[in-house]
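Heads up, the thing below is written out as structure tokens.
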Amino acid sequence: MIDPFGRRISYLRVSVTDRCDLRCVYCMAEDMTFLPKREVLTLEELDRLCGTFIGLGVEKIRLTGGEPLVRKNVLQLFRSLGAWIGAKGENGGLKELTVTTNGTQLAGMAEDLYAAGVRRINVSLDTLDPAAFRAATRWGDIEKVLDGIFAAKAAGLAIKINAVALKGVNEGEYDRMLAWCGEHGFDLCLIETMPMGDISSDRTDQYLPLSLVRSRLREHWTLEETDYRTGGPARYYTVKETGRRIGFITPMTHNFCESCNRVRLTCTGTLYMCLGQEDSADFRPLLRDPAVDDAALRAAVEAAIARKPKGHDFIIDRRHNRPSVGRHMSVTGG
Ligand code: SAM
Ligand code: SF4
């Protein structure tokens, strides 16, 4: 699948649910209204649509959410997608199946994820301080997440810790987190907050530029440039002292759009061709119409990719303190 700007689309991110067991302050309002079940694709519908993308050349699928691991029977989807790994399809099959999770359910699921074919996971953890964690997630218990992370490590999964840089929340902690990740063999990725969805508080209070974080880290660590890229908005360095990677995700800059290799599917079957644009394609009516066969579904996916825009349009409307993209990150899964 090549889009109109010559980019090969090989990475599909799938939000399998909009629900979550936490309410991170930058992601959700406390009193979120979640979707009625009938609007959410069944696991079979998700599997069929993902299979169509794989048939068209998608090599990497990441399940996300909401919290993907709270979706009932989600392991069934991991297993069916995992069966595509290494399959010699028309386009070579799936190379990687992965997940972004808050880690709360990992302790009981890590081994099953590994058995399904997952080898690397991203776990979101903004702070190592139990009280700050509780405040950032509104009620989360860090012990559950840490147990999950170490269960995943024991199961053989490679781990990247994702932390959103939040002014006044984890601002003083990055040195400690980098050392902790180094000690346990995890990579670390710091993320700038993005203006997505109403969260009933002031986002400009939370914004912390990563350029500042990086220069502060350089006072204590040697960050060596690498050419490791994932096609996304992360820039990676090797931390000389630990040998692990640190990434900085600065989505508000435009410098990654030209290498963008990804599209995002929501749990209702809407495909967003760009995280920072409103244009989308709705696959749910097609999936639920018995007259639409696999060839027609395939043609619809190709038509959507042909509309992928050149770049995103994030603007923080600071004067009105409004998000520039109305949907929450938990809809498209980040
Ligand atoms: N629940 C899972 C988790 O927390 O990892 C997966 C979904 S979550 C929406 C995916 C990632 O998006 C998390 O690392 C989260 O911290 C990040 N995120 C959520 N809202 C964000 C925002 N407004 N700006 C930047 N990152 C955000
Ligand atoms: Fe849930 Fe992840 Fe959003 Fe936190 S960032 S509220 S864990 S979906």
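In each ligand, atom 1 is the first atom listed, and ligand 1 is the first ligand listed.
- R214 forms a cation-pi arrangement with F248, by the criterion of a distance under 6.0 Å to the ring centre and an angle within 45° of the ring axis.
- The distance from ligand 1 to the heavy atoms of T64 drops below 4.0 Å at these ligand atoms: 6 (C), 7 (C).
- A cation-pi arrangement is not found for R229 relative to Y236, the charged atom failing to lie both closer than 6.0 Å to the ring centre and inside a 45° cone about the ring normal.
- The shortest N/O to N/O separation between Y26 and ligand 1 falls below 3.5 Å.
- For the pair E67 and ligand 1, the shortest N or O to N or O distance falls below 3.5 Å.
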*Under the side-chain contact (heavy atoms from CB on, under 4.5 Å) criterion, do W221 and Y237 qualify, and how do the steps go?*
CA-CA 11 Å; W221 304 92; Y237 297 79; over 6 Å; no
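- With 2.8 Å as the limit, C20 does not count as an N, O or S neighbour of atom 4 (Fe) of ligand 2.
- Using a 4.0 Å cut-off to heavy atoms of C27, the atoms of ligand 1 that qualify are 19 (C), 20 (N).
- Under the 4.0 Å criterion applied to side-chain N and carboxylate O atoms, R7 and E258 are not assigned as salt-bridge partners.
- Within the set A136, S124, G66, the minimum heavy-atom distance to atom 1 (N) of ligand 1 is found for G66.
- Of the possible donor and acceptor atoms, one in the side chain of K308 sits under 3.5 Å from a partner among the backbone N and O of R262.
- At least one heavy atom of E192 sits under 4.0 Å from some atom of ligand 1.
- If you look at V123 next to ligand 1, there are no close heavy atoms at all, none under 4.0 Å.
- Taking a cut-off of under 4.0 Å to the non-hydrogen atoms of T193, the atoms of ligand 1 that pass are 24 (N), 25 (C).
- Those atoms of ligand 1 with a heavy atom of V164 less than 4.0 angstrom away are 16 (O), 26 (N).
- Below 4.0 Å from some heavy atom of G66 lie the following atoms of ligand 2, by number and element: 8 (S).
- Just one of E171, R134, E173 meets the side-chain hydrogen bond (donor to acceptor under 3.5 Å, both in side chains) condition when paired with T127; it is E173.
- By the 4.0 Å N-to-carboxylate-O rule, E224 lies too far from R245 to be salt-bridged with it.
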